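Since the structure is predicted, the reported quantities are computational estimates derived from the model, not experimental observations.
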Amino acid sequence: MSWAFLRDLLSGVNKYSTGIGRIWVAVVFVFRLLVYVAAAENIWKYEHDEFECNIKQPGCENVCFDHFFPISHIRLWALQLIMVSTPSLLVVFHVAYRENREKHHNQKLYRNPGEIDGGLLCTYLISLILKTGLEIVFLVLFYKLYNGFKIPRLVKCDIKPCPNTVDCYISKPTEKMIFLYFLVATSCLCIVLNLSELSYLIFKHSIKSYLKRYMKKQQ
C-alpha cells in the first residue's frame with residue numbers, strides 16, 4: 001500500500017496548524033505512519049499462516065482464526081490511520097476555497113488565507129472534534145472486537161467444524177503485544193493533543209473576543 005498521499009496531506013496541513021497541531025502531525029507521521037510501514041506491518045504480515053491449531057480437521061483452523069480475528073489488526077490500524085487523518089482535508093479545502101475566492105474577486109479578501117480565524121476557525125475546530133471522536137471510536141471498536149488490548153499465547157476454540165475444544169496458538173504474541181501497546185499509547189497521545197489544541201483555540205478565541213468587546217466599551 002502506498003502512503004504517499006497521506007504523507008502529502010499531513011505535510012500540507014502542517015502549514016496551517018498551531019504549535020500543538022504540528023506536534024500531532026509529527027506524532028502521526030513518525031510514531032504511527034513510519035512505525036506502521038517499517039515494522040508493525042511486517043509483524044502481522046503472515047498472521048493467518050502462522051496461526052496453528054492442534055488438529056488438522058478441514059476448515060477448523062480457518063473458522064477459529066476468523067472467530068478470534070474478525071478484522072486483521074493491521075488492516076484496522078491502517079483504516080484508523082486513514083480515517084483520523086481525513087478530517088484534516090477540511091482545513092486544506094477551506095484554505096483553498098479562500099485562495100480561489102481571492103483569485104475570483106482579484107483582490108485581497110483575507111490578511112492571510114491560512115490564518116485560523118472566522119470560518120476557518122470553525123472548520124479547524126470541527127476537524128479536531130472529528131479526529132478525536134474517530135480515535136475514540138476505533139479504540140472502543142478494537143477493545144470490543146478483541147476483548148481488550150491483549151494478545152494471548154493460547155486460545156481455545158470449540159466452533160464447528162471443530163469436533164471438540166481445540167487449542168490454537170498465536171505466533172510471536174510478546175512482540176505483537178509490544179507494538180499493540182505502542183500503537184494504543186500513540187493513539188491516546190493523539191487524543192490528548194487534539195483536546196489540548198481544541199481547548200487552546202477556544203480559550204484564545206474567547207480571550208480575543210473579550211478584549212475586542214472591552215476595547216469597544218472603553219472607546
Atom pair NZ (K176) and CD1 (I151), whose distance is rounded to the nearest 0.5 Å: 7.0 Å

Consider only side-chain heavy atoms of I, L, V, M, F, W and Y, link residues closer than 4.5 Å, and tell whether V137 and L189 are in one cluster. no

Keeping N54 on the side-chain end and D167 on the backbone end, is there a donor-acceptor pair under 3.5 Å? yes

From CG (N164) to NZ (K156), nearest 0.5 Å: 10.5 Å

Under 6.0 Å from the OH atom of Y143, do we count more than 12 heavy atoms belonging to anything else shown? no

If you look only at distance, which donor and acceptor atoms sit under 3.5 Å apart when one is on a side chain in residues 63-76 and the other is two or more places apart or in another chain?
unit_1, atom_1, unit_2, atom_2, d
S72, OG, E47, OE2, 2.6
S72, OG, I74, N, 3.4

Report the distance from atom CG of L139 to atom CG of L134, rounding to the nearest 0.5 Å. 11.0 Å

Residue among T132, I20, L130 satisfying side chain to side chain contact (heavy atoms under 4.5 Å, CB included) with N194: T132

Residues passing the salt bridge (charged side-chain N to carboxylate O under 4.0 Å, His left out) test with E135, sequence neighbours excluded, are R32

Taking disulfide bond (SG atoms under 2.5 Å apart) as the test, write out the residues that go with C53, two or more places apart. C168

Given 3.5 Å as the limit, does a donor-acceptor pair link the side chain of S187 with the main chain of V184, or not? no

Gap separating the CG atom of L198 from the CG atom of L193, nearest 0.5 angstrom: 12.5 Å

